[in-house]
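Numbers here simply count residues along the sequence, with the first being 1.
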Amino acid sequence: MAAQETQATQQSSVTNGEVSSNGAAASGQVAQIGATAQDPQQQQQQQQPNAWQVIKGVLFRIFIIWAISSWFRRGPSTPDPNTPAGAPRVPSRNLFPKDTLMDLYVYISENEIFTDFNNTEALFWYQQDLVYGDWTTGESGDGCYEHYLELGLSESLKQNGSIYIHIYFTKSGFHPDPKRKGQYRRLSTVHATRMLNKYKRRKFLKTKNLLTGETEADPEIIKRAESHGPVEIISHWHPNLTINMVDDHTAWVKGSVPPPLDQHVKFDAVSGDYYPIVYFNDYWNLQKDYYPINETLQNLPLRLTYCPLSLWRWQLYAAQSARSPWNFLGEDTYEQSDEDQDSVKVALLETNPYLLGLTIVVSIVHSIFEFLAFKNDIQFWNSRQSLEGLSVRSIIFGVFQSLVVLLYILDNETNFVVQVSVFIGLLIDFWKITKVMDVRLDRENRIAGIVPRLTFKDKSTYVESSTKIYDDMAFKYLSWLLYPLFGCYAVYSLLYVEHKGWYSWVLSMLYGFLLTFGFITMTPQLFINYKMKSVAHLPWRMLTYKALNTFIDDLFAFVIKMPMMYRIGCLRDDVVFFIYLYQRWIYRVDPNRVNEFGTSGVEQSKDSPAQPAAADTTAAITDKSEGEKKND
């Protein structure tokens, strides 16, 4: 049974691909731990993050870091229980002055608390005469040192055990073992511990062909899913780790260090001074480079690098890894956040610097346009008095489309931030329904005699005009095209794509269809514009901002490597908007055109003959006596 589990893990670490099973070993050596097997269905569902998602993630993360730092800096500092109330807080100093000679001891152990200093096998690396704050020594003249070794793999580690690294920096001539009298000194020893392996969730999605009941998943993987459940915790390994000692001599005050830096600055309880900051830096270790630890491995390669680190760079790393404000989101969100950060890191590593800078600038403009489009869309529907010329059915269909997208991402456990964004969009679409229809509670005809019934009625400005007729006509013609396409897509999805169940099939089929052919629902408004020979009723500001965003997407969709379907999606939206622009050009002058206030030039001309009558009335009023005027 153990051999079968090993083979299953070796073949793939993920069912329907959630955790990569390949990892690159140090110095170009590759630990080929099986093949990365992803279900074709999952590959269709997972879209590669585009440039805007990556850059927006960076900007959003910078804003969150700034907001958190500002919030905590305004708040009162944590009081020191050892300091009497009202006593002034004395600034502290670094226990290791500049240019202090140090020795580095690195021990590897399966125990979280290390005491076996006499075990030579546990000593992984011993480096003498390091200079604290020196940036010129080392193999490359940058103050960095490297050490590579392959660790033996015990049975405990093969069975999901843990392994720890224990770092000791001592002033030259001292030893980290407290039992060595005369060679150990508490204020001359800096200690840090960290777990080297990383536990990841591996989820097994049981999918099958709903008609035949067959699946393309490996039988061993199915057997493992049945024995371990839908979620399995597996230990993973990355062969690289950097040990940074922060070159910092700030006069920190105990209890006043701002978060998240306070988690790393450790003060001595007796002297009040602080120890040098030892930081385990794995920021550039991508999630895809971790591979599972199993019985097929004979050893674990580990490359340690020691480098000095400036204070401001350490603050950036510490802020990126700070997660305390998001504890309520759970561990799944943490793993999703790690995957999102990978996209940012890959963009920073692989994108041309000039193109990356241009992308950041244009993405800021893109975000501004999105905000303005959202703002003008809300203002348009909030102040709209007449629905003449507007497709109400498209608004209703938009609610259905947003609901399908929300249910689909919930079923596929998409990122939490994406779920919130789609949910807010759905609420806005529901709000639009109240603007295009009369929504009331029918308290007389209750459902089951208890719950009031919601009634929807078209507004009079929509029914009395010819808009409703054109809208119904447009959707009738559109259904002749959509229904056959929908039927063909549903049959294709049922025959050739695996699903978790019938509910998932309905959602994935609807989502895929809307993603492919959803742009067709923009055409009824074009038909109404054609019939009415007018476009004045449209929210042109909102459409202009959205069109500019689409043009920006087009530009980078063809500059940066993107899925072809994403490029086609941007291009087809542009085609529809160009038709809108053409209609605006040919329908420039129209006295019957209804403006944003629900009035037209014909109505104003009808009101003009009434002006002489009003003048006569005014003249008649002025002929009254002074007493009558006062009474009036």
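Without hydrogens or angle criteria, Gln583 side chain to Ser534 main chain gives no donor-acceptor distance under 3.5 Å. The backbone N or O of Ile528 sits nowhere less than 3.5 Å from a side-chain atom of Asp471 that would complete a donor-acceptor pair. With hydrogens and angles ignored, the 3.5 Å screen pairs no side-chain donor or acceptor of Ser493 with any backbone N or O of Tyr489. With hydrogens and angles disregarded, no donor-acceptor distance shorter than 3.5 Å links the side chain of Lys531 to the backbone of Ser466. For the pair Asn160 (side chain) and Ile233 (backbone), a donor-acceptor distance under 3.5 Å is present. Of the possible polar contacts, one joining the Gln525 side chain to the Ser391 backbone as a donor-acceptor pair under 3.5 Å is found. No donor-acceptor pair under 3.5 Å is formed between the side chain of Asp282 and the backbone N or O of Asn285. A donor-acceptor pair under 3.5 Å is formed between the side chain of Arg453 and the backbone N or O of Asn445.
If you check the side chains of Asn529 and Tyr580, you find no donor sitting under 3.5 Å from an acceptor. Residues Lys198 and Gln287 have side chains that bring a donor and an acceptor to within less than 3.5 angstrom of each other. Side-chain contact check for Ser235 and Asn197: at least one donor-acceptor pair (N or O, by modelled atom type) lies under 3.5 Å.
Nearest heavy-atom pair across Asp429 and Ser402 is OD2-OG, 2.5 Å. Across all non-hydrogen atoms, the minimal contact from Leu387 to Val436 is CD1-O, 3.3 Å. When all heavy atoms of Val404 and Tyr511 are compared, the closest pair comes out as CG1-N, 3.9 Å. Of all heavy-atom pairs between Tyr503 and Asp411, the closest is CE2-OD1, 4.0 Å. Residues Leu485 and Phe513 approach most closely at C-CE1, 3.7 Å, considering heavy atoms. Nearest heavy atoms, Ile234 versus Pro292: CG2-CB, 3.9 Å.
Note that NZ of Lys476 and CG of Leu478 are 12.5 Å apart. Values are rounded to the nearest 0.5 Å. In this structure, Phe527 CZ and Tyr477 OH are separated by 5.5 Å, a value rounded to the nearest 0.5 Å. Within the model, atoms CG of Leu406 and CD of Gln401 stand 13.0 Å from one another, a figure rounded to the nearest 0.5 Å. Leu507 contributes atom CG, which lies 9.5 Å from atom CG of Leu410 (distance to the nearest 0.5 angstrom). The line from CH2 of Trp237 to CD1 of Ile293 is 6.5 Å long, rounded to the nearest 0.5 Å. Atoms CG and NE2, on Asp289 and His236 in that order, are 12.0 Å from each other to the nearest 0.5 Å.
At least one side-chain heavy atom of Leu210 sits under 4.5 Å from a side-chain heavy atom of Leu494. You'll find the side chain of Met509 stays beyond 4.5 Å of the side chain of His499, heavy atoms only. A 4.5 Å side-chain heavy-atom check between Val399 and Ile396 finds every atom pair outside the cut-off. Between Leu441 and Leu454, some side-chain heavy-atom pair lies under the 4.5 Å cut-off. Looking only at side-chain heavy atoms (C-beta outward), Phe456 and Ile433 come within less than 4.5 Å of each other. The side-chain heavy atoms of Thr461 and Glu388, taken from C-beta on, include no pair separated by under 4.5 Å. For the pair Val439/Thr455, no side-chain contact is recorded, criterion being any heavy-atom separation below 4.5 Å from C-beta on. Contact check for Tyr462 versus Asp458: side-chain heavy atoms found under the 4.5 Å cut-off.
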Run the side chain to side chain contact (heavy atoms under 4.5 Å, CB included) check on Lys432 and Ile395 step by step: do they pass?
CA-CA 7 Å; Lys432 288 182 181 179; Ile395 302 298; 3.9 Å; yes

Could you walk me through whether Ile364 and Val361 pass the side chain to side chain contact (heavy atoms under 4.5 Å, CB included) check?
CA-CA 5 Å; Ile364 295 175; Val361 173; 5.7 Å; no

For the pair Gln379 and Asn382, evaluate side chain to side chain contact (heavy atoms under 4.5 Å, CB included) and give the outcome as yes or no after the intermediate values.
CA-CA 5 Å; Gln379 288 180 346; Asn382 192 39; 5.7 Å; no

Could you walk me through whether Leu390 and Thr467 satisfy the side chain to side chain contact (heavy atoms under 4.5 Å, CB included) test, starting with their C-alpha distance in whole Å, then the side-chain angles of each, then the deciding distance to 0.1 Å, before giving a yes or no?
CA-CA 7 Å; Leu390 296 175; Thr467 305; 5.5 Å; no

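Remark: Ser162 engages Tyr199 in a side-chain hydrogen bond (donor to acceptor under 3.5 Å, both in side chains) (not counting sequence neighbours). Under the rule for a side chain to side chain contact (heavy atoms under 4.5 Å, CB included), the partners of Leu403 that lie at least two apart in sequence or sit in another chain are Leu407, Leu426.
Enclosure of atom NZ in Lys435 by more than 12 non-hydrogen atoms of other residues, nucleotides or ligands within 6.0 angstrom is indicated. In the displayed structure, Phe423 atom CZ is contacted under 6.0 Å by at most 12 heavy atoms of other residues, nucleotides or ligands.
Between Phe397 and Phe475, the ring planes lie tilted relative to each other; the angle falls in the 30° to 60° range. A perpendicular orientation is assigned to the rings of Trp505 and Trp502, their planes being inclined by more than 60° (bins at 30° and 60°).
With a 6.0 Å cutoff to the six-membered ring centre and a 45° limit on the axis angle, Lys533 counts as a cation-pi contact of Tyr530.
Using a cutoff of 4.0 Å between basic side-chain nitrogens and carboxylate oxygens, Lys468 and Asp472 are scored as salt-bridged.
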